[in-house]
Amino acid sequence: MKNIAVIGSGTMGNGIAHTFAQFGYAVTLIDINNEALDRALATINKNLDRQVAKGTLTEMQKQATIHNITRSTDVKTGVSEADLIVEAATENLELKLKIFKDLAAFAKPEAILASNTSSISITQIASVTDRGDKVIGMHFMNPVPVMKLVEVIRGYATSDETTAQVMELSAKLEKVPVEVNDYPGFVANRILMPMINEAIETLFEGVAGVEEIDTVMKLGMAHPMGPLQLADFIGLDVCLAILKVLHDGFGNPKYAPCPLLVNMVMAGKKGVKSGEGFYDYSNGVKEAKVADKFRG
């Protein structure tokens with residue numbers, strides 16, 4: 001595999017494009033408008049500068065990485081030569097199904113179609129294509145250039161050959177691929193999201209405050225980040241969407257989203273991306289403080 005197409009230039013998409021390009025792959029980054037692509041390439045450039053400053057990348061390697069990325073606003077031409085296409089669009093089933101229908105029509109027959117979905121069924125995504133054996137999940141973790149894990153999700157029809165190729169490719173990116181089967185939330189979010197939801201329930205019931213809950217989990221459980229802060233970084237809207245997938249998929253009330261989470265998303269308090277969630281980020285991420293709503 002030499003040519004990679006990435007659909008979606010948001011946080012995950014630009015991180016995936018950055019990582020493939022850094023390891024010498026020719027990457028086409030695709031989004032619906034040039035403004036989104038401008039923001040993505042500015043983010044990639046900033047993150048590369050950070051790597052250069054830390055000494056993990058040379059200036060020459062940075063320039064080579066940027067050179068390896070081509071931008072496109074047209075899916076058909078953007079994926080035409082790709083050996084692997086990684087979809088990193090919003091966590092929305094209808095949108096993903098539309099994208100994969102288009103990919104089945106536009107991609108070359110031997111191309112592997114991967115989704116970076118964090119919870120949606122790979123089997124369902126594959127059902128709208130003519131190549132279920134070549135559809136797979138590649139769930140990268142955020143921030144993609146830093147985090148080592150890739151959850152590799154086999155759909156019902158995903159072939160051994162496709163799985164082996166994606167596992168090998170992930171290792172070439174110096175990631176640690178872990179193969180899992182296609183059930184709601186896979187492994188990472190099936191375990192993580194109920195923990196985050198329970199932390200929100202604990203706050204909702206008045207057991208403890210935001211900082212207290214996060215401090216218990218950081219100091220008591222050796223988590224690098226507390227669950228409420230982590231939820232803010234993931235995006236409260238994304239957490240809600242994943243919990244809905246778990247709740248619908250298993251029909252188990254233990255996955256029901258906390259009413260506080262639902263209300264926060266409806267109120268537009270989505271975490272870092274909106275400037276406020278459980279914490280207030282108006283002075284930047286490093287100067288975050290507990291949001292006024294949750295201050296005693």
Side-chain angles (χ1 to χ4, degrees), residues 8-15 35-36 38-40 42-43 46-47 49-50 88-92 95 118-119 141-147 185 188-248 253-296:
S9 65
T11 300
M12 297 305 295
N14 71 58
E35 290 77 13
D38 286 342
R39 289 193 297 271
T43 298
K46 181 176 71 175
N47 290 337
D49 282 340
R50 188 177 291 122
T90 305
E91 194 73 349
N92 176 282
L95 176 61
S118 54
S119 61
M141 304 293 130
N142 184 32
V144 180
V146 176
M147 299 292 278
N189 281 317
R190 181 170 178 173
I191 295 170
L192 175 63
M193 286 302 152
M195 183 192 75
I196 285 175
N197 198 44
E198 194 63 29
I200 299 171
E201 288 278 4
T202 304
L203 176 66
F204 183 51
E205 292 173 7
V207 178
V210 170
E211 280 188 314
E212 289 76 11
I213 291 167
D214 278 352
T215 298
V216 166
M217 297 306 290
K218 286 190 288 186
L219 300 186
M221 313 306 162
H223 290 193
M225 187 182 291
L228 300 176
Q229 185 184 14
L230 179 57
D232 274 358
F233 272 77
I234 293 168
L236 302 190
D237 54 334
V238 175
C239 293
L240 179 59
I242 295 169
L243 282 163
K244 286 180 176 178
V245 168
L246 290 168
H247 192 218
D248 292 345
K254 75 178 182 179
Y255 298 113
C258 176
L260 175 58
L261 174 62
V262 175
N263 283 345
M264 289 178 72
V265 173
M266 285 196 296
K269 307 301 184 184
K270 300 178 182 179
V272 174
K273 68 174 76 174
S274 69
E276 184 182 327
F278 297 104
Y279 293 85
D280 181 335
Y281 301 94
S282 55
N283 294 322
V285 171
K286 291 184 179 179
E287 301 297 326
K289 60 182 181 180
V290 174
D292 287 344
K293 177 78 173 178
F294 304 111
R295 295 174 76 87

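As a basis for the values below, the full set of heavy atoms in this structure was taken, side chains included, without hydrogen atoms, waters or symmetry mates.
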Worksheet item: Would you say the side chain of M147 lies within less than 4.5 Å of the side chain of N142, judging by non-hydrogen atoms?
Response: no
Discussion item. Could you check whether any side-chain heavy atom of L192 comes within less than 4.5 Å of a side-chain heavy atom of I234, counting everything from C-beta outward?
Written reply: yes
Item to complete: Go through M193 and Y255 one step at a time and tell me if the side-chain contact (heavy atoms from CB on, under 4.5 Å) criterion holds.
Response: CA-CA 8 Å; M193 286 302 152; Y255 298 113; over 6 Å; no
Discussion item. According to side chain to side chain contact (heavy atoms under 4.5 Å, CB included), who are the partners of K289, at least two apart in sequence or on a separate chain?
Written reply: D280, R295
Worksheet item: Is N92 reaching over with its side chain to a backbone N or O of L95, donor-acceptor style, under 3.5 angstrom?
Response: yes
Fill in: Exercise: identify the closest heavy-atom pair between S9 and A36
OG-O, 3.4 Å
Worksheet entry | Side-chain heavy atoms of Y281 within contact of D232, under 4.5 Å | yes
Discussion item. According to ring-ring contact (aromatic ring centres under 6.0 Å, His included), who are the partners of F233, at least two apart in sequence or on a separate chain?
Written reply: none
Discussion item. Which residues pass the ring-ring contact (aromatic ring centres under 6.0 Å, His included) test with F204, not counting sequence neighbours?
Written reply: none
Practice prompt. Might you point out which heavy atoms bring I196 and A231 nearest each other, and give the distance in Å?
Written response: CG2-CB, 3.7 Å
Discussion item. Does any part of the side chain of F294, heavy atoms only, come nearer than 4.5 Å to the side chain of L260, both counted from C-beta?
Written reply: yes
Worksheet, complete the sentence: Between M264 and L236 the two heavy atoms that sit nearest each other are CE-CD1, 3.5 Å
Discussion item. Checking E287 now: which residues fulfil side chain to side chain contact (heavy atoms under 4.5 Å, CB included) with it, not counting sequence neighbours?
Written reply: N283
Discussion item. List the residues meeting side chain to side chain contact (heavy atoms under 4.5 Å, CB included) with E91, not counting sequence neighbours, and say none if there are none.
Written reply: K96, T117, S118, S119, I120
Fill in: Taking every non-hydrogen atom, the tightest pair across P257 and K244
CG-CG, 4.3 Å
Fill in: Student check: side-chain heavy atoms of K273 and D237 closer than 4.5 Å
yes
Practice prompt. Please report the closest heavy-atom contact between M225 and K218, naming both atoms and the distance.
Written response: C-CG, 3.8 Å
Item to complete: For the residue pair I200 and F278, establish whether any side-chain heavy-atom pair is separated by less than 4.5 Å.
Response: yes
Discussion item. Looking at A256, is its backbone amide N or carbonyl O close enough to the side chain of N197 to form a donor-acceptor pair, meaning the two atoms are under 3.5 Å apart?
Written reply: yes
Worksheet, complete the sentence: When every non-hydrogen atom of P194 is compared with those of L246, the smallest separation belongs to CD-CD1, 4.4 Å
Fill in: Contacts of T43 that satisfy side chain to side chain contact (heavy atoms under 4.5 Å, CB included) - sequence neighbours left out
N14, N47
Practice prompt. Could you please spell out the steps behind the side-chain contact (heavy atoms from CB on, under 4.5 Å) verdict for E276 and S282?
Written response: CA-CA 7 Å; E276 184 182 327; S282 55; over 6 Å; no
Discussion item. Could you measure the distance from the OG1 atom of T202 to the CD1 atom of I213? Nearest 0.5 Å is fine.
Written reply: 5.5 Å
Discussion item. Under a 3.5 Å distance rule, please check whether D214 uses its side chain to pair with a backbone N or O of Q229 as donor and acceptor.
Written reply: yes
Practice prompt. Starting at CG of L261, measure out to NZ of K269 and round the result to the nearest 0.5 Å.
Written response: 15.0 Å
Fill in: P259 vs E201 side-chain heavy atoms within contact, under 4.5 Å
yes
